[in-house]
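Keep in mind the model is a prediction, meaning the values are calculated, not measured.
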Amino acid sequence: MLRNIDPILSPYLLHALRAMGHGDEIVIVDANYPAENAGPLCIRADGSDASAILRAILSVMPLDTFVDDPALTMQPVDDPNIIPEAVKDFQTVINETADAPREIQTLERFAFYDRAAQAYAVVQSGERRLYGNIILKKGIIK
């Protein structure tokens with residue numbers, strides 16, 4: 001155990017976050033997401049929901065302030081203008097936890113899959129809400 005480190009941050013997840021450099025991306029995905037086949041390292045966190053993982057990650061990792069889209073979610077297929085409950089919750093977590101809160105941007109479903117495939121790692125959560133997926137771009141500590 002470590003002091004002041006959220007226990008959701010497993011040794012594997014802490015290692016990935018520490019190894020990532022500025023501009024690298026990490027993806028938190030829901031239980032339906034094909035994470036094992038996504039391409040990058042898959043870190044399992046099945047017992048936690050995506051919002052809790054997001055909060056834990058943002059407690060140790062800054063979002064990139066040099067880009068307009070440091071946090072991206074997947075647009076709903078049937079109506080890209082709908083904001084899913086999971087995404088509303090993600091925005092609340094970012095607003096409360098990130099050192100430089102930003103508005104979440106969206107990507108079309110297959111564009112999201114393509115972007116996620118290029119990430120440093122994917123964290124497979126136990127999130128059951130639909131569209132509980134978010135890409136985070138790592139920033140710098142000033």
Shared ILVMFWY cluster between [X] and [Y], side chains joined below 4.5 angstrom?
X	Y	value
Ile94	Val60	yes
Val122	Leu14	no
Ile53	Tyr12	yes

With the side chain counted from C-beta on, respond yes when [X] and [Y] share a heavy-atom pair under 4.5 Å apart, and no when they do not.
X	Y	value
Arg115	Leu107	yes
Asn133	Ile28	no
Leu13	Ile26	yes
Val123	Val29	no
Thr106	Phe112	no

Heavy-atom pair with the smallest gap, counting every atom of [X] and [Y]:
X	Y	value
Pro40	Ala116	CG-O, 3.4 Å
Ala100	Leu63	O-CD1, 4.5 Å
Gln124	Ala31	NE2-CA, 3.6 Å
Ser125	Ser48	CB-O, 3.4 Å

Once side-chain hydrogen bond (donor to acceptor under 3.5 Å, both in side chains) is applied, what residue pairs with a partner in residues 51-63 remain, sequence neighbours excluded? Ser51-Asp89, Ser51-Arg129, Arg55-Glu96, Arg55-Thr97

The complete set of salt bridge (Lys or Arg N to Asp or Glu O under 4.0 Å) pairs with one or both residues in residues 26-41, sequence neighbours excluded, reads Glu36-Arg44

With [X] via side chain to side chain contact (heavy atoms under 4.5 Å, CB included) - residues at least two apart:
X	result
Asp114	none
Gln105	Asp69, Leu72, Glu103
Ala117	none

For Arg128, what residues pass the salt bridge (Lys or Arg N to Asp or Glu O under 4.0 Å) criterion, not counting sequence neighbours? none

Working to the nearest 0.5 angstrom, can you tell me the gap between Thr73 OG1 and Gln91 CD? 9.0 Å

When rounded to the nearest 0.5 angstrom, what distance separates CD1 in Ile43 from CG in Leu41? 4.5 Å

Just wondering, more than 12 heavy atoms not from Tyr120 lying within 6.0 Å of its OH? yes

Considering residues, nucleotides and ligands other than Asp68, do more than 12 of their heavy atoms fall under 6.0 Å from its CG? no

Suppose the criterion is ring-ring contact (aromatic ring centres under 6.0 Å, His included): which pairs have a residue in residues 26-50, not counting sequence neighbours? Tyr33-Tyr113

Hey, could you give me each pair passing ring-ring contact (aromatic ring centres under 6.0 Å, His included) that has a residue in residues 39-70? Not counting sequence neighbours. His22-Phe66

Distance-only donor-acceptor pairs under 3.5 Å for side chains of residues 2-9, two or more places apart:
unit_1	atom_1	unit_2	atom_2	d
Asp6	OD1	Ile8	N	2.8

State which residues pass side-chain hydrogen bond (donor to acceptor under 3.5 Å, both in side chains) with Arg102; sequence neighbours excluded, sorted by chain then number. none

Sequence neighbours left out, cut at 3.5 Å: what donor-acceptor pairs do the side chains of residues 76-86 make with other protein atoms?
unit_1	atom_1	unit_2	atom_2	d
Asp79	OD1	Asn81	N	3.0
Glu85	OE2	Lys88	NZ	3.3

Look at the side chain of Asp24 and the backbone N and O of Gly21, then say whether any donor-acceptor pair between them is shorter than 3.5 Å. yes

Identify each donor-acceptor pair in which a side-chain atom of residues 134-142 lies under 3.5 Å from a protein atom, sequence neighbours left out, and give them as a table.
unit_1	atom_1	unit_2	atom_2	d
Lys137	NZ	Gly23	O	3.3
Lys137	NZ	Glu25	OE2	3.2
Lys138	NZ	Leu17	O	2.8
Lys138	NZ	Met20	O	2.7

